[in-house]
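Okay, structure first, notes after.
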Amino acid sequence: MKRNISILALLLLSTIFSAKAQTRKAKPNIIYIYADDMGYGELGCYGQQKIRTPNLDKLAKEGIRFTQHYASTPVCAPSRCQLMTGKHGGHSYIRGNYELGGFADSTEGGQMPLYPNALTIGKILQKEGYKTACIGKWGMGMSNTTGDPNKQGFDYFYGFLDQKQAHNHYPTHLWENGKWDTLNNPPIEVHRKVDKNNITDATFDYYIGKEYAVNKIAEKALNFVRNNRKGPFFLYLPFPSPHLSLQAPKEAVQEYIGRFDEKPYLGEKGYCPVRYPKSTYAAMITTMDKRIGEVIELVKNLGLDDNTIIMFSSDNGASTVGGVDTEFFKSLGDLKGAKMEVYEGGIRIPFIARWPAKIPAGKVTNHASVQYDLMATINELLGIKGIQTDGTSFLPTLLNKEKQQKQHEFIYWEYPENGGQVAIRIGNWKGVKRDMIKNRQAKWELYDLNKDVTESHNIAEQHPEIITQLSMILKREHTPSHIKDWEFVSPKF
C-alpha cells in the first residue's frame, strides 16, 4: 500500500513539474527590432523600389504588416522612452532629446536618464522569468546614472548609451554592461567642417573605419539568442541605422554604385561628407536588413521559430538633412512631413510582426496602433493584470481575432521641440497644433485621413465639434513636465 502511495506521489509530482515545464515553454520568446529614422516607404513591402530589403520583405510575407502604425514621438529619445514605458507624450517622463555632455569621447554624457522606479517592458518581463537584453542604441541614460539599461530591466546591454555617439557608425567604442568596449576605429569627428575647395580621396576616407557598429551589434545579438535558446528571452534590438551620418562598409556601398545618378555630398546640411550619398544610404539599410536576416535564420536553425514572435519598426520618420535624398527614394511615401514633425511623415512608420504558430502569413491590417501600445500588448500576451498604460493591446489583430480588437478612443502625440507640437487622432480625424512655443493659443489644423492621408486640406473651420473634442482631450491628457523647456501647452488650451 505504501509503495503504491509513493508511486502515485511520484506520478503526481512528475505531472506538476511537467505542467510547469510546459508553462515555461509556452511563454514565447520576443524579439523587437527597432530601426533608427526609417521612413514609412523605405522597405520593399511598403513600396520601396530602389533599396533592397529582402529579409524584412520576407518577414512581412510570412507575418502581418500594419499600414497605420505610429511612433510615439517624431524623434529618438522620447520615442524610445514611450515604447518602453507605455506612456504617451503627455504623460511620459522623457518628452524630448534632452542632451547632456558633448560629441567627443571625453565629454560623453548621454541624454536625460530614466528615473529609478520607471516601469519598463524589460522589468515586467524579468519578473515573468525572461532573460532580457537591449543591444543597440539606448539613449535614456549612461551607465553611471539611474537610466543605466542594466537598472531598467535589461540583464545584458551592448551598444551606444549616448545617441550622439551613434551619429558615427565607426565609433572608438561601444558599451557592454557599463564597461567600455574598444573598437578598432580611430577617432572620427562626423560633424567637423571640411574645406570644400580642397576635397580629395582622403576627405571621404577619413569617415570610414574598420569595425562597423551595426555588425558588432548583430554579432552580440546572435550570441544572446544562442546563449538563451532555452528561453524565454526578450531581445530589444534597436539598430542605429539608417540614422545619419551616411557611413557604410565599402563593399556594401559598392553593391549600389552605378545604379543611381549621384554626386558627392560635402556636408552642406550637416554631418559628414560622403562620395556616394545615395548608394551609402541604400547600403546602410540593406546592411541592416542582412543582419536582421541572420537573426531570423538563427532563430529558425535553433528550432525556436514557432515559439518566437519577431517584430520590426522604426522610432520615427526619415530625416531630410545630412545628405539623405528622401524625395529620390520616396522614403516617406506620399506622406507630409518628416522626422521632428507630427504630420504623418514624421510618425507613421513600418510595423511588421511574424510568429509562425500564431500569426497568419501574408496578412495586412489597417488597424490604427502606436508604439506605446507594446506594453499593453505584451501584458495581454502573457496574461499580466493590473498594469495601467496609455496603450491599447493590438494582440487580437496579431492573432487574427479582429472582432475582439479594441480601437483607440484617440492616439496622442505631444512634442516640445521644433516649435512645440501636438497631434491627436480620433478615428480618421487628425488634429495638429504647431509653433506652440511662440503661440500657445495656436489654432488646430484638422485632416480627414480617410480622404486626405497627405494632410493637404485643413478642414478645421468646417468641423467645430471635432475641434472642441480635440481641445478636451488635450486638456485631459497633458500633464505638466518636470523640465521647463518641455512645458509649452497653455493651461487655457
Side-chain angles (χ1 to χ4, degrees), residues 68 70-79 81-82 87-98 112 316-321 332 334-349 368 370-372 390 408-493:
Q68 299 190 60
Y70 291 96
S72 303
T73 307
V75 78
C76 301
S79 198
C81 176
Q82 291 160 42
K87 301 294 184 183
H88 65 50
H91 297 157
S92 179
Y93 183 75
I94 297 173
R95 304 185 187 186
N97 277 342
Y98 196 97
M112 169 71 64
N316 46 251
S319 176
T320 57
V321 300
L332 302 157
D334 295 322
L335 303 178
K336 178 180 179 179
K339 178 182 179 179
M340 298 184 69
E341 297 179 287
V342 294
Y343 291 122
E344 293 291 287
I347 53 178
R348 189 183 290 209
I349 34 78
V370 62
Q371 285 172 359
Y372 60 76
D390 290 328
H408 277 274
E409 178 189 348
F410 59 86
I411 301 177
Y412 184 96
W413 295 269
E414 183 178 314
Y415 178 49
E417 297 167 343
N418 196 20
Q421 308 166 54
V422 296
I424 300 172
R425 177 169 172 168
I426 308 171
N428 286 318
W429 297 109
K430 168 108 175 276
V432 175
K433 276 179 177 271
R434 296 181 299 153
D435 298 322
M436 295 177 69
I437 292 174
K438 291 182 179 179
N439 179 17
R440 296 198 177 194
Q441 302 302 318
K443 291 185 178 181
W444 284 103
E445 302 169 24
L446 182 66
Y447 305 97
D448 182 352
L449 296 179
N450 190 44
K451 301 176 182 177
D452 181 24
V453 73
T454 61
E455 296 170 290
S456 302
H457 305 288
N458 179 7
I459 52 176
E461 291 186 3
Q462 292 97 297
H463 296 279
E465 75 287 356
I466 303 298
I467 299 303
T468 298
Q469 193 175 354
L470 292 169
S471 295
M472 290 176 62
I473 292 171
L474 178 58
K475 182 176 182 179
R476 185 176 75 239
E477 295 302 313
H478 170 76
T479 57
S481 171
H482 64 294
I483 299 296
K484 184 179 179 181
D485 290 345
W486 292 346
E487 194 53 45
F488 67 97
V489 178
S490 169
K492 296 182 180 179
F493 300 97

Any side-chain heavy atom of [X] sitting closer than 4.5 Å to one from [Y]?
X: Lys339; Y: Thr320; answer: no
X: Glu344; Y: Tyr447; answer: no
X: Tyr343; Y: Arg434; answer: yes
X: Thr73; Y: Asn316; answer: no
X: Trp429; Y: Ile459; answer: yes
X: Ile424; Y: Glu477; answer: no

request  = Please determine, by modelled atom types, if Tyr70 and Gln68 share a side-chain donor-acceptor pair under 3.5 angstrom.
outcome  =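 The criterion, which ignores hydrogens and geometry beyond distance, is not satisfied for Gln68 and Tyr70.
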Under 3.5 Å side-chain donor-acceptor pair for Arg476 and Tyr412 =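 Their side chains do not contain a donor-acceptor pair, so the 3.5 Å distance test is not met.
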Where do [X] and [Y] come nearest, in terms of heavy atoms and distance?
X: Leu332; Y: Ala338; answer: CD1-CB, 3.9 Å
X: Gln371; Y: Ser79; answer: OE1-OG, 3.7 Å
X: Ala77; Y: Gly96; answer: CB-O, 4.1 Å
X: Gly317; Y: Ile349; answer: N-CG2, 4.0 Å

task = Would you mind checking if Lys336 and Glu341 are paired as a salt bridge, meaning a charged N to carboxylate O distance below 4.0 Å?
result =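 Answer for the salt bridge query: no.
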request  = Please identify each residue that fulfils side chain to side chain donor-acceptor pair (under 3.5 Å) with Asn97, with sequence neighbours left out.
outcome  =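 Checked Asn97 against side chain to side chain donor-acceptor pair (under 3.5 Å); matches are Gln163.
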ask   = With Arg425, which residues qualify under salt bridge (Lys or Arg N to Asp or Glu O under 4.0 Å), at least two apart?
value =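 Checked Arg425 against salt bridge (Lys or Arg N to Asp or Glu O under 4.0 Å); zero matches.
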query = Is the number of heavy atoms from other residues, nucleotides or ligands within 6.0 Å of CG (Asn439) greater than 12?
reply =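 Yes, enclosed.
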key: Residues, nucleotides or ligands: over 12 heavy atoms within 6.0 Å of Glu465 CD   =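 Above 12, so yes.
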Supply the atom-to-atom distance [X] [atom1] to [Y] [atom2], rounded to the nearest 0.5 angstrom.
X: Asn458; Y: Lys443; atom1: CG; atom2: NZ; result: 10.0 Å
X: Trp444; Y: Gln469; atom1: CH2; atom2: CD; result: 11.0 Å
X: Arg348; Y: Leu449; atom1: CZ; atom2: CG; result: 6.0 Å
X: Leu470; Y: Ile426; atom1: CG; atom2: CD1; result: 4.5 Å
X: His88; Y: Arg95; atom1: NE2; atom2: CZ; result: 9.0 Å
X: Asp390; Y: His408; atom1: CG; atom2: NE2; result: 10.0 Å

task = Check step by step if side chain to side chain contact (heavy atoms under 4.5 Å, CB included) holds for Val453 and Asp334.
result = CA-CA 8 Å; Val453 73; Asp334 295 322; 5.5 Å; no
key: Partner of Tyr372 by side-chain contact (heavy atoms from CB on, under 4.5 Å), out of Ser72, Cys81, Ser92   =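 Only one option passes, and that is Ser72.
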Given Glu414, Gln421, Lys433, His478, the one that forms side-chain contact (heavy atoms from CB on, under 4.5 Å) with Phe488 =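 Looking at Glu414, Gln421, Lys433, His478, the match for Phe488 under the side-chain contact (heavy atoms from CB on, under 4.5 Å) is Glu414.
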request  = Give a yes or no on whether the backbone of Ser481 and the side-chain of Glu487 come within a donor-acceptor separation of less than 3.5 Å.
outcome  =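 The answer is yes, because a donor-acceptor pair under 3.5 Å joins these two groups.
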request  = Classify the angle between the aromatic ring planes of Trp486 and Tyr98 as parallel (below 30°), tilted (30 to 60°) or perpendicular (above 60°).
outcome  =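 Aromatic pair Trp486/Tyr98 classed perpendicular.
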